[in-house]
Undergrad: 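Have a look at the structure that comes next, please.
Each chain gets a letter, A, B and so on, in the order its sequence line appears, and its residues count up from 1. These values consider heavy atoms only, across backbone and side chains, with no hydrogens, waters or symmetry-generated copies.
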Amino acid sequence: MAKKISPMDVYKLLPRLNCGRCGISTCLGFAAKLVERAARLEECTPLFEEERYRDNLSQLREVLRPPVLEVAFGPPGREVRVGGKLVLHRHELRYMNPTVLAVDVWDDIEGDLESRVKLVDSLSYTYIGRELKLNALALRCRSGDPSRFQDLAEKVSKLTDLPIILCSLDPEALEAALLKVGDRRPLIYAATEDNWRDLSELAKMYGCPIVVSSPGNLSKLRGLVKVLNDEGVDRLVLDPGTYVGEGLAYTVNSFTLLRWLACRQGDRLSGYPLLAIPAVVWADEGFRGKPEEASWMEATVTAMMIARYADIAIIHGVEVWQLLPNLILRENLYTDPVKPVSVEPGLREFGSPDDRSPLLVTTNFALTYFTVSSDIESAKLNCYLLVVDTEGLSVESSVAGRKLTAEKIAEAMKEYRVAEKVSHRKVVIPGLAARLKGELEDLTGWEVLVGPRDSSDIPSFLAKYWRI
Amino acid sequence: MGTRRKDLGESFLEWLLKLLSESEEIEFEDFNLEASEFQLDVTGIASIVKPMLEAAKSMEARAIELIEELPKPEAMFTNRIAEVRIGATRSEGGSRGRVIVIGGEVTMPFYSFSALNPNPPVVSGDVFDWKLPLPKPLRDSFGDAMDDPAEWAKLYIDKFDADMVTVELTSTDPSIRDTPVREAVKVVENVLQAVDSPVMVGGSGDPVKDVELLTEVAAIFEGERLLLSSIPSPEDRFKPIAEAAKRYGHNVVAWASLDINLQRDLDRAILNVLPPERIVIDPTSAPLGYGIEYAFSVMERIRIAGLMGDRELALPMLSGTSNAWGAREAWLKTPELGPREVRGPLWEAITALTFLLAGCDLFIMMHPLAIKTVKQTISWLYGRWDTPAKAIPNWLEEM
């Protein structure tokens with residue numbers, strides 16, 4: 001486990017003005033929030049505005065440094081943060097900063113650059129009330145020509161303000177692109193054993209974070225981190241190499257080992273965000289000219305890397321069927337394990353219901369609620385939905401764990417005054433809560449209909465059984 | 001030689017010329033440089049500079065090597081997960097062609113740098129004793145085999161390359177068809193005759209019927225070392241299943257609903273009857289998009305606890321991965337989400353791969369493409385881990 005930080009150690013380095021500009025009335029309170037990672041140092045404006053706190057600021061950064069450094073890139077207002085991880089397993093606390101999914105574009109792209117950029121920028125899937133999106137563009141210098149790469153960077157910057165990763169091993173090409181987009185603070189890929197001196201200069205000159213790349217050699221990767229640290233370059237991302245196929249064992253092991261060393265053994269040289277490049281599948285001989293197979297393989301590799309510590313993943317395929325499961329997997333694994341995603345309980349109205357409209361019951365688990373509500377909305381039903389507080393558990397789990405009982409439903413019916421809304425005395429409970437029927441009838445005197453197990457069947461169920 | 005003129009190169013040259021003007025002999029000591037970092041114009045002064053360049057060259061060997069050896073990973077785990085054998089060959093009193101061994105782990109999955117786990121996880125094909133409604137991509141994969149559980153089982157083993165099969169006797173559920181126990185037993189018998197791989201048998205989920213059904217299956221197929229699923233709670237009424245498994249030489253599945261404490265209580269109750277080598281945990285596989293994070297973390301916690309010495313959790317785990325097809329994103333016919341012929345199996349594959357990384361040992365699966373992917377990935381992950389198999393393709397320029 002990472003070392004525990006005391007709020008007092010943080011407090012004594014804060015301005016101790018109790019000015020409240022961070023939104024918390026005392027500096028001690030703010031210190032406690034900082035330790036819990038519920039607040040950010042930047043919220044303490046005096047610390048940044050006043051010269052006299054400069055030493056304190058750098059000391060605070062050190063005290064609060066997570067086992068995996070947090071690195072930001074992208075233009076102000078649309079920057080992304082990667083890393084900042086505090087724990088090896090999500091159940092120990094939670095995972096910070098969801099994996100950034102970056103899609104590549106290249107400087108001799110045949111076809112429409114604009115439509116690819118727009119696709120990445122606009123792709124969005126609504127899942128339990130959240131917008132799931134791709135996060136960045138990885139610009140590849142495929143031509144080897146710095147001026148073409150510069151041209152690409154310029155074009156992309158006119159099309160979107162998505163965060164950018166500049167990808168080339170040639171310092172000249174990188175510098176050419178930085179001249180155009182350096183002010184957007186791109187992430188630079190990559191410093192290697194051959195070019196690290198130049199890359200360290202570029203990083204300093206443009207104030208950009210850089211990726212350190214040493215595929216297949218973790219000792220060299222750490223060595224590069226060391227020399228870059230010695231040069232004063234600390235905002236780094238690590239690329240230990242993404243090998244696919246038979247190389248997958250190496251990839252999974254090296255990502256795991258680096259994260260283990262950072263989180264469990266406090267190894268500073270391993271304590272940086274990790275970059276995976278599932279896109280390499282497309283450059284593999286076995287997948288040339290086989291886009292469906294490459295998309296499939298890339299999607300499975302991406303999923304495993306999301307689960308195993310990738311803070312950034314560069315992908316190439318943009319088929320929605322391959323992106324969707326990974327957008328959802330990322331959302332799932334990065335939820336806070338101690339806070340089930342829930343919605344407010346209460347009585348919701350859909351369409352324009354009247355006193356004869358159906359009354360349905362569900363739980364306040366966000367996934368359940370949004371699934372049911374989207375089915376009701378897309379069928380354009382007029383009805384009432386009673387959302388019972390099950391402490392954020394799904395129907396199946398809450399019935400099993402007695403968070404959804406006949407008593408709870410009866411109480412909610414009373415609390416939200418459903419009897420005033422409808423003139424009938426009928427209520428539809430979820431199919432997975434069928435066993436509550438008898439008791440609920442006894443408790444309320446209402447007729448209880450057992451609805452479908454899957455809410456997509458609600459429209460046909462109501463058409464068939466709802467009679468007033 | 002680098003193409004860019006470097007400050008270092010220039011200052012080196014100045015320094016060199018200064019030295020030349022001041023002394024007759026130059027000693028290099030504790031000086032780091034990379035020969036590729038500077039350019040010298042040696043025309044004219046070749047006779048003087050050449051020996052120096054040679055000296056510099058020898059220093060290259062002493063130049064920054066960029067190697068920082070990795071710290072040794074500290075000792076992690078002390079306990080070993082129980083090993084469960086599924087299926088018995090003729091010489092062992094059964095009729096199977098081979099035996100499957102799962103469990104036996106000594107470290108978390110794919111922490112090969114700490115230790116190697118012995119038994120690669122396996123895939124079991126999911127067969128039902130009735131033609132249940134399934135999404136089209138699955139129906140298309142099974143075709144007529146769905147009419148006959150024995151044929152369906154053969155398809156998994158012969159064509160889809162599954163390691164074993166799971167016969168789900170869900171039609172025995174009083175709320176489905178209430179198929180009598182003796183008919184269900186016949187289905188198991190047919191499957192056992194159709195394939196020679198180890199077999200898992202799943203009940204109806206109805207607590208009363210399952211006791212009757214699974215104790216009967218245990219007695220009739222004595223010695224086959226089946227995996228009987230499931231025992232869902234520590235209540236006494238399930239004790240007869242565990243006792244029948246003990247008497248007739250089978251394994252059981254301890255199923256709890258995403259709750260590590262409930263799981264521990266249940267395991268403890270079963271451990272009063274059966275040894276750990278006869279129990280597989282099913283912590284419930286909530287699929288991708290529908291609570292996979294709970295299942296993932298429960299599995300990780302169970303496995304870590306087991307490896308740290310919690311005897312009640314040091315048991316192999318299974319995943320009912322077929323659940324993934326319950327996720328609407330897997331089966332909905334929604335063209336804007338892409339063809340469900342690939343979306344569905346990918347959903348199942350990713351659900352399995354996520355649990356593979358959490359420590360799952362046995363995957364009950366359905367779609368051939370998902371099965372193939374998971375089996376291939378397992379074989380890769382159990383391959384050489386300490387050096388990459390081959391160089392990374394040049395993704396920057398060659399795609």
Side-chain angles (χ1 to χ4, degrees), chain A residues 89-91 140-142 144 167-168 193 197-198 215-216 218-220 222-224 226-227 241 243 245-250 252-253 256-257 260-261 265 267 269 277 279-280 282-284 296 299-300 303-304 307-308 316 319-322 324-325 328-329 332-333 335 337 367 394 397 400 456, chain B residues 3-4 6 8 37 64-71 73-74 110-113 257-259 288-293 296-297 300-301 304 328-329 336-339 342-343 346-347 349-350 353-354 357 373 377 380-399:
Chain A
H89 301 288
R90 62 185 290 282
H91 65 257
R140 282 192 287 133
C141 179
R142 186 175 182 275
C167 305
S168 171
E193 58 179 318
R197 284 181 201 274
D198 290 340
L218 296 184
S219 303
K220 197 169 274 177
R222 290 177 81 256
L224 277 164
K226 176 85 167 44
V227 294
Y243 297 85
E246 287 172 354
L248 199 58
Y250 179 84
V252 168
N253 267 282
T256 308
L257 177 54
W260 172 280
L261 290 174
Q265 294 180 218
D267 178 33
L269 298 181
I277 311 173
V280 298
W282 294 81
D284 193 285
W296 174 280
T300 61
M304 282 189 281
R308 270 293 166 92
H316 178 72
E319 296 290 342
V320 65
W321 60 264
Q322 78 167 116
L324 183 64
I328 290 182
L329 181 65
N332 288 165
L333 293 181
T335 53
L367 182 60
S394 69
S397 306
S456 61
Chain B
T3 50
R4 288 152 53 95
K6 304 292 307 192
L8 177 69
E37 292 290 339
I64 299 170
E65 279 203 8
L66 295 175
I67 294 288
E68 288 288 328
E69 292 301 339
L70 289 160
E74 285 160 10
F110 318 113
Y111 282 45
S112 308
F113 50 85
S257 187
L258 294 175
D259 185 328
L288 175 59
Y290 291 79
I292 197 171
E293 66 274 29
F296 178 80
S297 285
E300 278 203 331
R301 289 173 62 199
I304 289 168
R328 44 183 44 220
E329 286 85 352
E336 60 269 27
L337 298 184
V342 278
R343 185 172 12 104
L346 184 60
W347 214 268
I350 287 181
L353 294 174
T354 306
L357 294 171
T373 298
T377 306
W380 285 333
L381 287 174
Y382 271 76
R384 183 162 190 156
W385 63 273
D386 55 345
T387 45
K390 55 180 180 180
I392 284 185
N394 183 353
W395 70 281
L396 283 173
E397 292 170 357
E398 287 174 15
M399 57 176 245

Undergrad: Ignoring hydrogens, what is the shortest heavy-atom contact between P73(B) and L257(A)? Give both atom names and the distance.
TA: CG-CD1, 3.7 Å
Undergrad: Mark yes or no for whether N332(A), through its side chain, and I292(B), through its backbone, hold a donor-acceptor pair below 3.5 Å.
TA: no
Undergrad: Are any of the side-chain heavy atoms of K390(B) and D284(A) separated by less than 4.5 Å?
TA: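 When only atoms from C-beta onward are counted, D284(A) and K390(B) do touch, with a gap below 4.5 Å.
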Undergrad: What residue, out of C167(A), G144(A), P325(A), P215(A), has the most heavy-atom pairs lying under 4.5 Å from chain B?
TA: P325(A)
Undergrad: Roughly how far, to the nearest 0.5 Å, is CH2 of W385(B) from CG of L248(A)?
TA: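 Answer rounded to 0.5 Å: 14.5 Å.
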Undergrad: Is any side-chain heavy atom of W321(A) closer than 4.5 Å to a side-chain heavy atom of L346(B)?
TA: yes
Undergrad: Can you measure from CG (L381(B)) to OH (Y250(A)) and round to the nearest 0.5 angstrom?
TA: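 The OH atom of Y250(A) is 15.0 Å from CG of L381(B), to the nearest 0.5 Å.
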Undergrad: Distance check, rounded to the nearest 0.5 Å: L333(A) atom CG versus E293(B) atom CD?
TA: 7.0 Å
Undergrad: Please classify the contact of L261(A) with chain B as side chain, backbone, both or neither, using a heavy-atom distance under 4.5 Å.
TA: side chain
Undergrad: Given a strict heavy-atom distance threshold of 4.5 Å, which part of C141(A) is in contact with chain B: side chain, backbone, both, or neither?
TA: backbone
Undergrad: OG/S456(A) to CZ/R328(B) distance, rounded to the nearest 0.5 angstrom?
TA: 5.0 Å
Undergrad: So which of A279(A), S394(A), G245(A), A303(A) has the biggest tally of heavy-atom pairs under 4.5 Å with chain B?
TA: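 Greatest number of close heavy-atom pairs with chain B: G245(A).
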Undergrad: Can you measure from OG1 (T354(B)) to CE (M304(A)) and round to the nearest 0.5 angstrom?
TA: 9.0 Å
Undergrad: At what distance, to the nearest 0.5 angstrom, does CZ of R301(B) lie from CZ of R90(A)?
TA: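 Result: 10.5 Å between the selected atoms.
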Undergrad: Any sub-3.5 Å donor-acceptor pair from Q265(A)'s side-chain atoms to P71(B)'s backbone N or O?
TA: no
Undergrad: Under a 3.5 Å distance rule, please check whether R142(A) uses its side chain to pair with a backbone N or O of E398(B) as donor and acceptor.
TA: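 Judged by distance alone, no pair lies under 3.5 Å.
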Undergrad: Going by the rule side chain to side chain contact (heavy atoms under 4.5 Å, CB included), which residues pair with E300(B) if we only count those two or more places apart in sequence or in a different chain?
TA: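 E300(B): side chain to side chain contact (heavy atoms under 4.5 Å, CB included) contacts with H89(A), H91(A), M108(B), F296(B), A358(B).
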Undergrad: If you tally heavy-atom pairs under 4.5 Å against chain B, which of V252(A), L324(A), L269(A) wins?
TA: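 So the answer, after comparing V252(A), L324(A), L269(A), is L324(A).
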Undergrad: Flag the one option from N394(B), I304(B), D259(B) with the top tally of heavy-atom pairs under 4.5 Å to chain A.
TA: I304(B)
Undergrad: With a 4.5 Å cut-off on heavy-atom pairs, point out which of Y111(B), Y290(B), Y382(B) contacts chain A the most.
TA: Y111(B)
Undergrad: Count the heavy-atom pairs under 4.5 Å between each of H316(A), K226(A), E246(A), Q322(A) and chain B, then report the option with the highest count.
TA: E246(A)
Undergrad: Can you list everything that forms a side chain to side chain contact (heavy atoms under 4.5 Å, CB included) with T387(B)? Sequence neighbours excluded, please.
TA: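 Partners of T387(B) under the side chain to side chain contact (heavy atoms under 4.5 Å, CB included) test: R384(B).
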Undergrad: Between G289(B), G383(B), S297(B), who has the most heavy-atom pairs with chain A when the cutoff is under 4.5 Å?
TA: G289(B)
Undergrad: Main chain of M399(B), side chain of R140(A): is a donor-acceptor contact present, judged purely on distance under 3.5 Å?
TA: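 Looks like yes, one N/O pair under 3.5 Å.
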Undergrad: Using a cut-off of under 4.5 Å for heavy-atom pairs, which of W260(A), W282(A), W296(A) has the most such pairs with chain B?
TA: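 Highest number of heavy-atom pairs under 4.5 Å: W296(A).
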Undergrad: Can you tell me which of T300(A), I328(A), N253(A) forms the most heavy-atom pairs within a distance under 4.5 Å of chain B?
TA: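 Option with the greatest count: N253(A).
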Undergrad: Are side-chain heavy atoms of F110(B) and T256(A) found at a separation under 4.5 Å?
TA: no
Undergrad: Check whether R222(A) reaches the backbone of E69(B) with its side chain - one donor and one acceptor, N or O, closer than 3.5 Å.
TA: yes
